[in-house]
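Since this is a predicted model, take the numbers as computed values, not measurements. Just so it is clear: chains get the letters A, B, ... in the order the sequence lines come, proteins before strands, and each one is counted from 1.
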Amino acid sequence: MGVVTPADRELDALAAEAAPFARLAMVEDVLNLARANSLWPLTFGLACCAIEMMAAGASRYDLDRFGAGVFRPSPRQADLMILAGTISRKMAPVIRTLWDQMPAPKWAISMGGCTISGGPFKYPGEYAISEGAEKFMPIDVHVPGCPPRPEALIAGLLKLEEKIKRGRRFGRAG
Amino acid sequence: MRTHPPTTDPLDTYTLNMGPQHPSTHGVLRLLLTLRGEEIVTAEPVIGYSHRAHEKMAENRTYAQFLPNTSRQDYLSGMIYNFAWVEAVEKMAGIPVPERALVARVILAEFNRIASHLLWIGAFLLDLGAPTPFLYCWDDREAILFLLESVTGSRLTYASGRFGGLARDLDADFPRRAREVIAKLRARWPEYDRLIEDNVIFRNRAIGVGVLTRDQCRSYGVTGPTLRGSGVPYDVRKAEPYGAYPRFEFDIPTRPEGDVFARYWVRVQEMRQSVRIIEQALDQLPGGPFLEPGSIGVKKRLKLPVGTQYYAVESARGHYGILLVSEGGAEPYRAKFRTPSYPNLAVLTEAMPGTLVADAVAILGSTDLVMPEVDR
Amino acid sequence: MDALGASVSAPTEHPFSGAAEARWVAPGRLVEASRVLREAGYFFESMTCVDRIAAHGVFELIYTFNRWEAASRVAFRVWAPATEPVPSISGVFGAANWNEREAWEFYGLAFSGHPNLTWLLLPEGTEFHPLLKSFTAPPASSYDDSLTAPPPPDDAHPPAHH
Ligand code: SF4
């Protein structure tokens, strides 16, 4: 995340050129505000934590209050990946593929000890799991717990919204 | 059910890959379907996407250290799994359990069973395209989780069993709160019947679909509500009574059809039986210690005698067996977990061919799979 | 079942509890013996492989079968030399199919007559048998190679077209 790509540079040049007439940063801010308040998570559960993710979306915790309740079953329609559950060695390449299939801009939350570091299944000599999602994809927010309560996931989501609103390239906007 | 005449031409069929990320595979199951038009010719589950090496871990840690793993095998009925491990070790080591703990375990386990069935009903109907019951079921389920959390401290992955009792006692106010939850559940049942069971769309999608024969069930070792939906009254709580279950009266609901609807109906009836058990248990809840005085607890290293033992309980999904091999050490020499979803999924290789692809989701959902339990 | 002469004398003193009956079965008689149970209305309950290589140079296979009507667990214990394939009973009980594949990938114990003896739970291409007592985990890099490649460039803002 936060890599300055040719696209970014072009945009910057464009903004500098248009500066006397229009403030493009404002457009970006408005876009970010919209993005932050309408996150579409990928329907995607791996293990125990997924149940708490579902609970967060269900009646009592109601993720729709934060604009993030529209779970999409296809990575092409989603812009947020909530990694909830244990990542096995067999599953890791699949997750990477899903992540690559999501259109940018996109964000990822790792929920639970398993996706942060391997959680309770990490021990010297383990052979079955991938020790954390960060080994193969970028993560924006970590939500610790085993499983984290739905409130914790909501807190993580609000943190992510904060990050998006500030512009995802830290140090430039906001 | 056949829509096309059978053919052997390979060009006539095509392969459809469902999963491992698919909204209705309940986690990380992958199904390789060979289709001819809309008809399923073969169905091959590909599993292991959630393999977490529980069995290897069991060999690497002491009996007490393994406690948190148990409820993570099947996180929907984690309490039952947790107590199963505790009871298997108690039985092998000959640790006595006080009366109060025995009855309290039944109460907690049955609440957990109801919570699991409620989640299943919600998720299953969501698969069939009915989002409303999901919201009702989760509301009820949250009430149960709140109650269980007040005793155990966790919502999902319980580790409240101790060798010789429980980690914490049921507080004095618990029976009142439990009865409140039961009243809430009871009030909802007629609504569920009207909303789901009498729903024409649901009935059309469920009745006569995905029939499991008794012989298939026998060959694959299918158990639990999935088996009882095929008319076999097999329930470990009755067949090999354990804990305090022999003291309580309850029936085993069965239905002979063996289709998706039968499996749904059996689970709904089972929740009522669980409530029946809980009410009796609350009435009979004895006083006294909740943990055997001077018992081993979790601190001391427990060593089991040399031998092999098979111990079984009825989880929300069926027969859960623990085969423990001890060589006398502080760790199991081998622990095998015979999980109910494993055969319930394997049988689909025989039950799915001949059905339509639209029914695949209904059949899959009706078996109530928990993938990490299949993969362990 | 006794008429079959399927049981052999116990090769080791290792008590088994939790079953109405536990008997040692010679690998060669396994298929016949399980067919008897199948016809008597038993269902397949579980199958476990235990590594006893260090002590005896063999695997111990434990099959349990049970009945719905009146619970009476029957356990077969098979003393299987590590190098010889065990006859598969997947033709008798469908459930054996997956269980035998699991024993194959976890222990490297082969089954003869199995229709599809491939890895069940482990990723394709795994080259170890993790539940062996002699197993030591290979370094993480041996699986994660495909994943440590640098991610593709961030295409958050596609070039604007003018
Ligand atoms: S962090 Fe804990 S609850 Fe979450 S998937 Fe891992 S084991 Fe399950």
In terms of heavy-atom pairs under 4.5 Å with chain A, which of B:His51, B:Lys56, B:His54, B:Arg52 leads? B:Arg52
Working to the nearest 0.5 angstrom, can you tell me the gap between B:Arg30 CZ and A:Met91 CE? 10.5 Å
Ranking A:Leu46, A:Val94, A:Ile51 by heavy-atom pairs under 4.5 Å to chain B gives rank one to A:Ile51
Is the terminal nitrogen or CZ of B:Arg72 (NZ for Lys, CZ for Arg) located under 6.0 angstrom from the six-membered ring centre of A:Phe121 and within 45° of that ring's axis? no
Could you tell me which portion of B:Gln65 (side chain, backbone, both or neither) has an atom closer than 4.5 angstrom to a non-hydrogen atom of chain A? neither
Please report the shortest heavy-atom distance between B:Phe134 and A:Ala58, naming the atom on each side. CE2-CB, 3.9 Å
With only heavy atoms counted, which part of B:Leu156 is less than 4.5 Å from chain A, the side chain, the backbone, both or neither? side chain
In terms of heavy-atom proximity below 4.5 Å to chain A, should B:Leu126 be classed as side chain, backbone, both, or neither? neither
On a heavy-atom basis, which atom in A:Tyr123 and which in B:Met57 lie closest, and how many Å separate them? CE2-CG, 3.3 Å
With no hydrogens and no angle check, is any side-chain donor or acceptor of B:Ser50 less than 3.5 Å from a backbone partner on A:Ala47? no
Do B:Val46 and A:Lys90 have side chains that approach each other closer than 4.5 Å (heavy atoms only, starting at C-beta)? yes
Quick one: what part of A:Phe71 sits under 4.5 Å from any heavy atom of chain B, side chain, backbone, both or neither? neither
Should the heavy atoms of other residues, nucleotides or ligands under 6.0 Å from OH of B:Tyr192 be counted, would the total exceed 12? yes
Do B:Asn69 and A:Pro120 have side chains that get closer than 4.5 Å, going by heavy atoms? no
Shortest non-hydrogen contact from A:Cys48 to B:Thr157? CB-CG2, 4.4 Å
Cut-off 4.5 Å, heavy atoms of chain B, and the answer for A:Leu42 is side chain
Please examine the side chains of A:Glu52 and B:Arg155, heavy atoms only from C-beta on, and report whether any two atoms are closer than 4.5 Å. yes
So what's closer than 4.5 Å to chain A heavy atoms on B:Asp74: side chain, backbone, both or neither? neither
